[in-house]
Amino acid sequence: MKKIIFLIIIFLVNELNSQSLEQSFVSVRKNVVFVMSPYEGRLQNAVIEYASPDVLRAPSFLNKINIENSYVKMPDPQQGIIPEQMVKYNLQKNKIANQMIHSLYFTKNGEFTYDNIIDLATYNMSDSDAKIFDGTSIGKTGSATRKYYEAVLKNNWIIFYNIYDIRTMEEEYDRTDAANRARERREAANPNIKPENKYKFRPVARVEKGYMANLDIALVKIDLDGDKFYQFENTVFKNGIENQEEIKKQIMNYPFDLKKISILYTTIKNTKLKSLSQNTPIEQFLPGLFKKITKKIQDELQRKEDFKILSSIYDVKPNIQVKIGTKEGVKTNDRFVVYEQRINKKGKVYKKKIGAIRLKGKPSVNSYVAKGEYKPSEFYQYFGKKLDKGMLVKQFPSDYIIQLSIMNFFDFRFGKFTDFLTQIKWIAGMGVIKDTYSPSPYSRSNKINNINFFAGLYKEFIPVTNISFELGIGAFYDITSYVSEKDSDNELSTSSAGLFIEPSLGFYISPSVKIGSLYKLHLKLHQEDNYFYGYSVPSALRFYIQFQ
Amino acid sequence: MKKIIFLLTAITFLVSCGSKKVTVPVDFTNYEAIGAGQGVQGTALIKVYSYGYTTESAIEKAKMDAIHAVLFKGVPNSNIQRPMVKEGYDAHKEYFDDFFGLYKVKAGKREKMDPFDISKQFNAPYKLYVQLSNDGSIDPSDRLKVGRYYKVGVILSVNIRELRKKLEKDKIINKLDSGF
């Protein structure tokens, strides 16, 4: 009966899992400006030098074309979480949005041009549109500009870095030591703490060199959605395009609305640049800093709705194919949820989750202007019902995998799909087995408790949709305590290490949840105590639930 | 036990409330066509929304509907707003039944084909004058499940010039310069 109720709940979850329709499907790469606040003292002079785009390298994953790197002078150095008002104040005061929009309409020499927008529109053109536009009388460029002009102007973003503390590792260690000394002094003077519990100062090991930075990051959008776009056009181009000075003045004075989407991090601490030495000038520090946090920003941005990759299934035979690739920022092992548009009895259109797919192999290389002949990336379906061409695919950022098994044992593991090896994930975990019995050549039975740690690589196979077969290979280390039947008063322990092979069979009940069973086979290579029973962790069938 | 039965009944009732079928009239002319831009000389780009049992059959049906729109309805927002065949379909019914491949000859008999099962059509003459204008992709906003049918929108390129020549040659329509 419990099983029936469980199945009904799963069914209801799927049936009720309908969402409102995506309002717009003109998928455009984001135009992003990176703005950094100066850090007085250490960075003031460096920031001025970094005003040129050539020195600061922006993350490449957004496939931007037109990026300007600038800086903003703040009245006072700010520390802590950036309040929204402060972000907008600084961006508006320094006309960052104005400069950005200005760069779309004017060359570096100050001449008015539509070329920048045309280039962006053409680059953003989908492969399907490229083929259609080829057959139009105004040609590819004209048609692309007509379709994507508005989208290009509505997709301008600012990532605002507020660096409020930079110090060398030496300084960081000094601070840590000073804090620990102060703690020792406090506890020594505190009569309420027992002498054996009082903290004893030990200097921190100074193994790393380089810099550390504390910074906040805010993601801001130049808001031209809805009527605001037409308002902007009507204001700036009210007298046509002949008077360039007038247009420039209108753009630079236009009161752009800035919509703060989120703070990506309240603080990024301990960004240690191990490749830099103590004497590395600070001018060389910043590119490395941005490179270090690029991955984190990329993962974080992909959770925002505006930055999720959207596309449609191109074909389902022989494999599931979607025309996205490196241009859109698709990475190895990326997964997507598939939706189908439906109409309900009231005539309302909604989208229903149909399945989930994951990239098979490497993403297709398409980082060039579309010509109608992109090679699609191939995917395999791991969950859901039959897919069809034209269904919407939406990126579903891959998070860490967490797996749990509980019976007379506890097994917890976490992992992630790798960034480079397709369909392979790394998993690490620990298990505890309580009060189990194992026959031993040395005694008839031993009551054993075992704690084990393991890590390995797992490859997933999907022979049939929803069914997952995994094979894992790795290494383990365990500690076993046992009570011999012959000497029940004495608890002994031993440790062992070795390799394991773990086949498992699972069933996906949603794009993120899998249940199944696994069997772990151990190959012990080393054992501390040779008087033990000969087994380490008992190989046994276990059931698990996995979240990813 | 009674509680469980009540719960199951309630769940079944709730689920079944959301599953009323949406019906689509089975009508050969049940489509929407609108101009999608000026094609290169002699062609027109038309966006057509059509119905089919599957996505593929809806796409094939859309091709038929694009030609039908050009011939008998006109296409709004395009340079072919007036229909090419002013007398209508019925004035030349047998010709157009063959033109659209609606009948097939089997064992000497003419059998009517299901207009929604276009995949069984081969070499129908209308196919020479229409083709997909893109790479075969379907925008997700152009694919909709309506009851047991699929409504799909595709942009097609219709060769107006050659189509006109064909109809003039078959004396279905007069030549443009026939009044002079």
Side-chain angles (χ1 to χ4, degrees), chain A residues 1 4-5 8-9 11-12 15-16 18 21-26 126-139 143 146-147 310-316 321-323 338-347 349 351-352 354 370-374 376 388-394, chain B residues 1 3-5 7-8 10-12 14-24 35-47 52 54-59 79 131-159:
Chain A
M1 187 48 64
I4 293 171
I5 293 172
I8 290 168
I9 292 168
F11 171 73
L12 273 179
E15 280 296 299
L16 296 173
S18 59
L21 189 64
E22 302 291 341
Q23 292 303 312
S24 165
F25 194 66
V26 178
S126 70
D127 205 49
S128 174
D129 280 344
K131 202 89 187 285
I132 295 173
F133 295 158
D134 259 342
T136 59
S137 58
I138 60 170
S143 302
R146 190 183 280 184
K147 182 168 179 181
L310 285 176
S311 186
S312 65
I313 293 181
Y314 173 66
D315 208 344
V316 294
Q321 298 166 51
V322 183
K323 279 203 171 184
V338 183
Y339 296 92
E340 180 176 66
Q341 239 196 138
R342 293 185 177 184
I343 188 165
N344 64 14
K345 60 176 182 175
K346 292 181 185 174
V349 179
K351 67 176 192 251
K352 183 169 168 55
I354 297 294
K371 294 175 189 172
E373 52 196 38
Y374 274 170
D388 194 12
K389 58 192 290 183
M391 287 184 174
L392 173 71
V393 295
K394 185 173 177 181
Chain B
M1 188 61 187
K3 282 184 188 173
I4 291 164
I5 292 169
L7 184 66
L8 282 171
I11 289 167
T12 309
L14 282 170
V15 169
S16 65
C17 275
S19 64
K20 184 177 173 180
K21 284 185 183 173
V22 177
T23 56
V24 172
Q38 178 70 35
V40 295
Q41 203 167 7
T43 66
L45 292 177
I46 302 172
K47 185 153 190 181
T54 63
T55 308
E56 286 78 14
S57 65
I59 293 171
N79 59 354
Q131 62 182 15
L132 277 173
S133 65
N134 69 352
D135 58 351
S137 303
I138 301 173
D139 193 293
S141 58
D142 288 337
R143 182 190 178 279
L144 181 64
K145 189 170 183 191
V146 184
R148 61 190 180 102
Y149 296 96
Y150 290 91
K151 181 180 177 183
V152 175
V154 284
I155 297 179
L156 300 159
S157 174
V158 177
N159 194 334

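Quick note: numbers below take in every heavy atom, side chains included, and nothing from hydrogens, waters or symmetry partners. Below, chains carry the letters A, B, ... as their sequence lines are ordered, and counting in each starts from 1.
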Side chain, backbone, both or neither: which part of [X] has a non-hydrogen atom closer than 4.5 Å to chain A?
{"X": "Gln41(B)", "value": "neither"}
{"X": "Ser157(B)", "value": "neither"}
{"X": "Ile155(B)", "value": "side chain"}

I need the residue from Ile138(B), Val152(B), Asn134(B) with the largest number of non-hydrogen atom pairs under 4.5 Å to chain A.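 With the most close heavy-atom pairs to chain A, the winner is Asn134(B).
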Qualifying residue, where the test is side chain to side chain contact (heavy atoms under 4.5 Å, CB included) with Pro140(B) and the options are Val393(A), Leu310(A), Leu392(A):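 The passing option is Leu392(A).
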Please answer whether the main-chain N or O of Arg143(B) pairs with a side-chain N or O of Gln341(A) as donor and acceptor at a distance below 3.5 Å.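 Yes, because the side chain of Gln341(A) sits within donor-acceptor range (under 3.5 Å) of the backbone of Arg143(B).
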The test is side-chain contact (heavy atoms from CB on, under 4.5 Å); show your working for Phe133(A) and Arg146(A) and say whether it passes. CA-CA 11 Å; Phe133(A) 295 158; Arg146(A) 190 183 280 184; over 6 Å; no
Lys323(A) to Tyr374(A), cation-pi by 6.0 Å centre distance and 45° axis angle: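 No, Lys323(A) and Tyr374(A) do not form such a contact.
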